[in-house]
Amino acid sequence: MLFGSRCGLLLCALLALPAYAEPSSFYAAKKLLPSLALALGQRSFYCACTIKHNGKQLRADWASCGYTPRKNAQRAARIEWEHVVPAWAFGHQLQCWQHGGRKACSKDARFRQMEADLHNLVPAIGEVNGDRSNYSFAMLPSAPAQHGACPIRIDFKARRFQPPANKRGDIARIYFYMRDRYGLQISRQQSQLFNAWAKQDPVDHAERQRDARIAATIGRHNPHVAASLNEQIAQQR
């Protein structure tokens, strides 16, 4: 007897659907992310340090990437989950932010959805996450290195952060994803910078793997990763 005739076509169709688990909060997202990072063999986003599992925590192996703490060695030892598009940036565009900032927005369904979106969350060395804060991305050729061999530059006075060259396209595509999905406004200057970065740093294998793994978890790709990949394939033909 056919399986469809035993369970009914509608029930079989429902059973065949993948079981997605989109987190409902940032807290829930942080529960999912460690296993995702370890399954992908991810390194810390900006500094490319090996990530190690230490009990319930993820730790950064400084020796693997030449990282030197700038100021806070305790925070630098752990891996944190950074919003590439800061919560301040997308929260500030919501009405709830005007009534008490992030705490007030914690009860806003739209904010909680954006805050928990796995496509916008990356594993970062805790100190780097803190130093980046909600600074805008920029090119800072004259800024000094302050984190050992980690290829980031920060202008604390101007509140600007320069990421490594091999992550600039990733950042651009995450910003474009957040813009398109949630109606996030991006300044003209930032849009021009991200368009340039997306071209200079095209989608690579690690970015495709991450996107596929997240899509398998929440049922949604970052279309800018897929679109960029299709462009690369077309150019190679």
Side-chain angles (χ1 to χ4, degrees), residues 20-23 25-69 74-87 114-132 137 147-152 161-178 194 197-198 200-226 228-229 232:
Y20 298 127
E22 183 159 8
S25 66
F26 182 36
Y27 176 80
K30 289 190 289 186
K31 292 286 188 179
L32 291 173
L33 285 163
S35 59
L36 185 147
L38 293 171
L40 290 171
Q42 278 185 298
R43 290 173 173 260
S44 66
F45 188 70
Y46 299 111
C47 305
C49 295
T50 299
I51 297 174
K52 294 185 174 181
H53 201 234
N54 182 19
K56 294 183 178 180
Q57 287 190 324
L58 298 184
R59 312 289 285 183
D61 181 3
W62 300 343
S64 67
C65 60
Y67 185 85
T68 302
Q74 184 176 359
R75 189 171 181 183
R78 66 177 184 254
I79 292 294
E80 296 178 356
W81 297 101
E82 175 174 333
H83 291 92
V84 175
V85 180
M114 288 190 278
E115 190 183 35
D117 197 312
L118 300 187
H119 284 294
N120 187 41
L121 289 163
V122 295
I125 290 176
E127 183 181 46
V128 173
N129 183 28
D131 285 352
R132 191 260 163 136
F137 290 109
H147 301 79
C150 180
I152 60 173
F161 183 99
Q162 177 181 297
N166 68 341
K167 292 301 179 185
R168 292 171 192 167
D170 305 49
I171 289 165
R173 286 179 283 274
I174 290 171
Y175 260 84
F176 293 153
Y177 163 83
M178 294 292 285
F194 293 150
W197 282 3
Q200 294 164 5
D201 174 33
V203 175
D204 58 21
H205 179 67
E207 191 177 358
R208 291 196 300 272
Q209 279 193 313
R210 175 179 177 272
D211 178 70
R213 187 82 183 197
I214 291 173
T217 303
I218 67 174
R220 182 174 65 254
H221 286 273
N222 177 346
H224 292 276
V225 173
S228 182
L229 176 60
Q232 292 177 45

I want to check something: taking the side chain as every heavy atom from C-beta on, are [X] and [Y] in contact at a cut-off of under 4.5 Å?
X      : Y      : answer
Pro23  : Ile218 : yes
Pro69  : Trp62  : yes
Val122 : Gln42  : no
Pro123 : Leu33  : no
Ile79  : Lys52  : no
Thr68  : His147 : no
Pro86  : Arg132 : yes
Lys30  : Leu121 : no

**Prompt:** For Cys47 and Cys65, is the interatomic SG distance under 2.5 angstrom?
**Reply:** no
Does [Y] offer a backbone N or O that forms a donor-acceptor pair with the side chain of [X] under 3.5 Å?
X      : Y      : result
Arg173 : Pro223 : no
Ser44  : Ile125 : no
Ser64  : Thr50  : yes
Asn129 : Glu82  : no

**Request:** Classify the ring geometry between Trp197 and Phe137 as parallel (under 30°), tilted (30 to 60°) or perpendicular (over 60°).
**Result:** perpendicular
Distance, nearest 0.5 Å, that separates [atom1] of [X] from [atom2] of [Y]:
X      : Y      : atom1 : atom2 : value
Arg220 : Ile214 : CZ    : CD1   : 9.5 Å
Trp81  : Leu58  : CH2   : CG    : 6.0 Å
Leu118 : Arg210 : CG    : CZ    : 8.0 Å
Ser25  : Lys31  : OG    : NZ    : 10.0 Å
Ile152 : Phe45  : CD1   : CZ    : 12.0 Å
Ile171 : Phe161 : CD1   : CZ    : 7.5 Å

**Message:** With a 4.0 Å cut-off on N to O distance, would you call Asp201 and Arg168 a salt bridge?
**Reply:** no
**Request:** Step by step, work out the side chain to side chain donor-acceptor pair (under 3.5 Å) result for Asn120 and His83.
**Result:** CA-CA 6 Å; Asn120 187 41; His83 291 92; 5.0 Å; no
**Item:** Closest non-hydrogen atom pair, Gly130 against Arg75
**Value:** CA-NH1, 3.6 Å
